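A short write-up of the structure that comes next.
Predicted model only: the values in this text are computed from it and were never measured. Index from 1, following the sequence.
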Amino acid sequence: MARLIFTQQLARFTAVPQVDTVAPTLRAGLESAFAANPLLRGYVLDEQGHLRENVVVFIDGRRCAERVLLADALAPDSTVYILQALSGG
């Protein structure tokens with residue numbers, strides 16, 4: 001199963017489950033995580049359901065290809081990291 005791992009930056013705001021999923025795409029995998037914690041959706045996706053500007057996703061060490069459809073394929077052994085970029089000065 002693919003494993004989704006949310007980094008600790010998001011844990012400051014809400015519970016971040018580590019999710020094992022058989023989902024075939026990034027969006028379906030994220031939906032599995034949102035089912036475990038619905039509040040997480042608002043930190044990862046914007047109002048249109050697109051990846052927020054300050055969120056980056058890496059699938060097997062590669063940045064996800066696009067931020068709207070989130071149709072990147074997940075392999076059964078994929079590792080997916082969901083990060084919230086830090087900003088400030």
Exercise for review: Look up atom OG in Ser78 and atom CG in Asp60, then write down how far apart they are to the nearest 0.5 Å.
Suggested key: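 Nearest 0.5 Å value for the OG-CG distance: 3.5 Å.
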Practice item. Mind checking the CD-CG spacing from Gln84 to Asn54? Nearest 0.5 Å is all I need. Key: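 Reported to 0.5 Å precision, the distance equals 4.5 Å.
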Review point. Looking only at atom types and distance, does a side-chain atom of Arg41 sit under 3.5 Å from a main-chain N or O of Gly49, one as donor and one as acceptor?
Key: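 Looks like no, no N/O pair under 3.5 Å.
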Practice item. Say whether, by atom type as modelled, one donor and one acceptor occur between the side chain of Arg27 and the main chain of Val68 under 3.5 angstrom. Key: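 Present.
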Practice item. Please step through side-chain contact (heavy atoms from CB on, under 4.5 Å) for the pair Val55 and Leu83, ending with a clear verdict. Key: CA-CA 6 Å; Val55 174; Leu83 326 153; over 6 Å; no
Applying side-chain contact (heavy atoms from CB on, under 4.5 Å), name anything that partners [X], two or more places apart in sequence or on another chain.
| X | answer |
| --- | --- |
| Tyr43 | Leu10, Phe13, Thr14 |
| Arg3 | Ile5, Gln18, Asp20 |
| Ala73 | none |

Would a 4.5 Å heavy-atom cut-off, applied to side chains only, mark [X] and [Y] as touching?
| X | Y | answer |
| --- | --- | --- |
| Leu40 | Pro17 | yes |
| Leu45 | Leu70 | yes |
| Leu4 | Ser32 | no |
| Asn37 | Val16 | no |

Minimum heavy-atom distance between [X] and [Y], given as atom pair plus value:
| X | Y | result |
| --- | --- | --- |
| Pro24 | Ala28 | CD-CB, 4.2 Å |
| Val22 | Met1 | CG1-CG, 3.7 Å |
| Leu74 | Thr25 | CD1-O, 3.4 Å |
| Ala65 | Asp72 | N-OD2, 2.8 Å |

Check your understanding: So with a 6.0 Å cut-off around CZ of Phe34, is the heavy-atom count from everything else above 12?
Key ->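 Correct, the count exceeds 12.
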Check your understanding: Does the pair Leu30 and Ile82 meet the rule for a side-chain contact (heavy atoms from CB on, under 4.5 Å), with working shown?
Key -> CA-CA 9 Å; Leu30 288 172; Ile82 299 96; 4.2 Å; yes
Check your understanding: Which residue pairs pass the salt bridge (Lys or Arg N to Asp or Glu O under 4.0 Å) test when at least one of the two sits in residues 61-70, sequence neighbours left out?
Key ->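 Sorted result for residues 61-70: empty, none.
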**Study point:** Set of salt bridge (charged side-chain N to carboxylate O under 4.0 Å, His left out) partners for Glu53, sequence neighbours left out
**Key:**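 With neighbours one apart ignored, the set is empty.
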Review point. Under the side-chain hydrogen bond (donor to acceptor under 3.5 Å, both in side chains) test, which residues partner Thr7, sequence neighbours left out?
Key: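 So Thr7 forms a side-chain hydrogen bond (donor to acceptor under 3.5 Å, both in side chains) with Gln9.
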